[in-house]
Amino acid sequence: QVQLVESGGGLVQAGGSLRLSCAASIRTFSLYAMGWFRQAPGKERAFVAAIRRSGSTDYVDSVKERFTISRDNGKKTVYLQMNSLKPEDTAVYYCAAGAEYAGQYVRWDNWGQGTQVTVSS
(Lines give C-alpha, C1' and ligand atoms only; values in the text may rest on other atoms or scores of the structure.)
Protein backbone atom coordinates (compact mmCIF):
# COMPACT_ATOMS: atom_id res chain seq x y z
CA GLN A 1 0.00 0.00 0.00
CA VAL A 2 1.33 3.39 -1.02
CA GLN A 3 1.43 6.19 1.53
CA LEU A 4 2.43 9.76 0.75
CA VAL A 5 2.99 12.26 3.56
CA GLU A 6 3.46 15.94 2.77
CA SER A 7 5.13 18.48 5.03
CA GLY A 8 6.55 21.98 4.89
CA GLY A 9 3.44 24.05 4.36
CA GLY A 10 2.71 27.19 6.35
CA LEU A 11 2.11 30.91 6.30
CA VAL A 12 4.53 33.14 4.42
CA GLN A 13 4.54 36.71 3.17
CA ALA A 14 4.43 37.48 -0.52
CA GLY A 15 7.89 37.18 -2.03
CA GLY A 16 8.92 34.55 0.49
CA SER A 17 9.87 30.90 0.02
CA LEU A 18 8.76 27.50 1.25
CA ARG A 19 9.95 23.98 0.52
CA LEU A 20 7.41 21.19 0.52
CA SER A 21 8.45 17.59 1.04
CA CYS A 22 6.59 14.39 0.30
CA ALA A 23 7.84 11.17 1.87
CA ALA A 24 6.68 8.04 0.10
CA SER A 25 6.33 4.53 1.40
CA ILE A 26 6.80 2.92 -2.01
CA ARG A 27 9.15 -0.02 -2.41
CA THR A 28 9.85 0.90 -6.04
CA PHE A 29 9.77 4.69 -5.68
CA SER A 30 12.17 5.25 -8.56
CA LEU A 31 9.69 3.66 -10.99
CA TYR A 32 6.96 6.22 -10.28
CA ALA A 33 6.35 9.62 -11.72
CA MET A 34 5.79 12.11 -8.92
CA GLY A 35 3.74 15.26 -8.98
CA TRP A 36 2.44 18.21 -7.04
CA PHE A 37 -1.10 19.53 -7.38
CA ARG A 38 -2.94 22.28 -5.54
CA GLN A 39 -6.51 23.18 -4.70
CA ALA A 40 -7.47 26.74 -3.87
CA PRO A 41 -10.74 27.53 -2.04
CA GLY A 42 -13.68 27.14 -4.37
CA LYS A 43 -11.56 25.74 -7.19
CA GLU A 44 -10.78 22.31 -8.56
CA ARG A 45 -7.51 20.54 -7.90
CA ALA A 46 -4.94 21.61 -10.49
CA PHE A 47 -1.57 20.44 -11.74
CA VAL A 48 1.48 22.35 -10.50
CA ALA A 49 4.58 20.32 -11.35
CA ALA A 50 5.73 16.78 -12.05
CA ILE A 51 8.95 14.86 -12.40
CA ARG A 52 9.45 11.73 -14.46
CA ARG A 53 11.52 8.69 -13.58
CA SER A 54 14.25 10.14 -15.75
CA GLY A 55 14.28 13.37 -13.74
CA SER A 56 12.79 15.53 -16.47
CA THR A 57 10.22 18.00 -15.21
CA ASP A 58 7.07 19.84 -16.21
CA TYR A 59 5.41 22.92 -14.72
CA VAL A 60 2.23 24.85 -15.11
CA ASP A 61 3.04 28.20 -16.72
CA SER A 62 2.10 30.23 -13.65
CA VAL A 63 4.90 28.72 -11.53
CA LYS A 64 7.71 28.43 -14.09
CA GLU A 65 10.89 30.20 -13.00
CA ARG A 66 9.57 30.28 -9.40
CA PHE A 67 9.00 26.65 -8.40
CA THR A 68 11.37 23.70 -8.70
CA ILE A 69 10.42 20.05 -8.32
CA SER A 70 13.08 17.49 -7.47
CA ARG A 71 13.32 13.95 -6.19
CA ASP A 72 15.69 11.92 -4.06
CA ASN A 73 15.16 8.26 -4.90
CA GLY A 74 17.40 7.12 -2.05
CA LYS A 75 15.21 8.94 0.46
CA LYS A 76 12.00 8.18 -1.46
CA THR A 77 11.10 11.85 -1.23
CA VAL A 78 9.94 14.47 -3.70
CA TYR A 79 10.35 18.19 -3.05
CA LEU A 80 8.77 21.39 -4.27
CA GLN A 81 10.90 24.48 -3.75
CA MET A 82 8.65 27.53 -4.02
CA ASN A 83 10.22 30.96 -4.38
CA SER A 84 8.77 34.42 -4.99
CA LEU A 85 5.46 33.26 -3.60
CA LYS A 86 2.32 35.20 -4.48
CA PRO A 87 -1.06 35.38 -2.72
CA GLU A 88 -2.56 33.45 -5.65
CA ASP A 89 -0.33 30.49 -4.72
CA THR A 90 -2.45 30.03 -1.59
CA ALA A 91 -3.90 26.52 -1.67
CA VAL A 92 -3.73 23.04 -0.22
CA TYR A 93 -0.84 21.30 -1.95
CA TYR A 94 -1.05 17.58 -2.67
CA CYS A 95 1.66 15.12 -3.56
CA ALA A 96 0.82 12.36 -6.04
CA ALA A 97 2.50 9.22 -7.36
CA GLY A 98 1.59 7.88 -10.73
CA ALA A 99 2.29 5.80 -13.77
CA GLU A 100 4.36 6.96 -16.68
CA TYR A 101 4.59 5.46 -20.15
CA ALA A 102 6.78 6.60 -23.03
CA GLY A 103 7.47 9.85 -21.21
CA GLN A 104 3.81 10.65 -20.70
CA TYR A 105 1.98 10.77 -17.38
CA VAL A 106 -0.70 8.10 -17.67
CA ARG A 107 -2.55 8.48 -14.36
CA TRP A 108 -2.11 9.59 -10.79
CA ASP A 109 -3.04 6.69 -8.54
CA ASN A 110 -1.94 7.73 -5.10
CA TRP A 111 -2.40 10.95 -3.16
CA GLY A 112 -1.21 12.46 0.07
CA GLN A 113 -3.43 14.21 2.58
CA GLY A 114 -2.30 17.69 1.56
CA THR A 115 -0.48 20.55 3.25
CA GLN A 116 -1.76 24.12 3.49
CA VAL A 117 0.23 26.97 1.97
CA THR A 118 -0.96 30.48 2.72
CA VAL A 119 0.70 33.53 1.19
CA SER A 120 -0.20 36.87 2.71
CA SER A 121 -0.02 40.12 0.75
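For the single chain, residues carry numbers from 1 onward in sequence order.
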Between [Y] and [X], is there a side-chain heavy-atom distance shorter than 4.5 Å?
{"X": "M82", "Y": "D89", "value": "no"}
{"X": "L80", "Y": "R38", "value": "no"}
{"X": "R66", "Y": "Y59", "value": "no"}
{"X": "L20", "Y": "V117", "value": "yes"}
{"X": "V60", "Y": "F67", "value": "no"}

query: Between K64 and D61, is the closest basic N to carboxylate O distance under 4.0 Å?
result: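 Salt bridge present between D61 and K64.
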query: What pairs of residues pass the salt bridge (charged side-chain N to carboxylate O under 4.0 Å, His left out) test when at least one of them lies in residues 47-59, not counting sequence neighbours?
result: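 Sorted result for residues 47-59: R52-D58, R53-E100.
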- prompt: Which pairs count as salt bridge (charged side-chain N to carboxylate O under 4.0 Å, His left out) when at least one residue sits in residues 25-35, sequence neighbours excluded?
  reply: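 Counting only pairs at least two positions apart or across chains, no salt bridge (charged side-chain N to carboxylate O under 4.0 Å, His left out) contact touches residues 25-35.
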- request: Using the disulfide (SG to SG under 2.5 Å) rule, collect all pairs that involve residues 32-85, keeping only residues at least two apart or in two chains.
  value: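 The answer is none; no pair qualifies.
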- request: Ignoring hydrogens and angles, tell me if any N or O in the side chain of T68 forms a donor-acceptor pair with the backbone of Q81 under 3.5 Å.
  value: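 Side chain of T68 to backbone of Q81: no pair is present.
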query: Any donor-acceptor pair under 3.5 Å linking the side chain of T57 with the backbone of I51?
result: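 A pair under 3.5 Å: no.
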query: How long is the gap from NZ on K86 to OG on S62, to the nearest 0.5 Å?
result: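 If I round to the nearest 0.5 Å, the distance is 8.0 Å.
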task: Calculate, to the nearest 0.5 Å, the distance between atoms CE and OG belonging to M34 and S70 respectively.
output: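 The CE atom of M34 sits 11.5 Å away from the OG atom of S70.
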How close do [X] and [Y] get, heavy atom to heavy atom, and via which atoms?
{"X": "T90", "Y": "V119", "answer": "OG1-N, 2.9 Å"}
{"X": "I69", "Y": "G35", "answer": "CD1-CA, 4.4 Å"}
{"X": "W108", "Y": "G98", "answer": "CE3-N, 3.6 Å"}

Could you list the donor-acceptor pairs under 3.5 angstrom formed by side chains in residues 4-18, with sequence neighbours left out?
residue : atom : partner : partner atom : Å
E6      : OE1  : Q113    : N            : 3.0
E6      : OE1  : Q113    : NE2          : 3.4
E6      : OE1  : G114    : N            : 2.9
E6      : OE2  : C95     : N            : 2.7
E6      : OE2  : G114    : N            : 3.2
S17     : OG   : N83     : OD1          : 2.9

query: Between W111 and F37, is the gap from one ring center to the other below 6.0 Å?
result: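 So the answer is yes for these two rings.
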field: Hydrophobic cluster membership, V92 vs Y79, 4.5 Å side-chain cutoff
entry: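 Hydrophobic grouping puts V92 apart from Y79.
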query: Members other than Y101 in its cluster, when Ile, Leu, Val, Met, Phe, Trp, Tyr link by side-chain heavy atoms under 4.5 Å?
result: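 Joined to Y101, directly or through intermediates: V106.
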Y32 six-ring centre to R71 NZ/CZ under 6.0 Å and within 45° of normal: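 No - R71 does not lie over the ring of Y32 by the 6.0 Å and 45° rule.
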For D109, all residues meeting salt bridge (charged side-chain N to carboxylate O under 4.0 Å, His left out), sequence neighbours excluded: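 Counting only residues at least two positions away or on another chain, D109 forms a salt bridge (charged side-chain N to carboxylate O under 4.0 Å, His left out) with R107.
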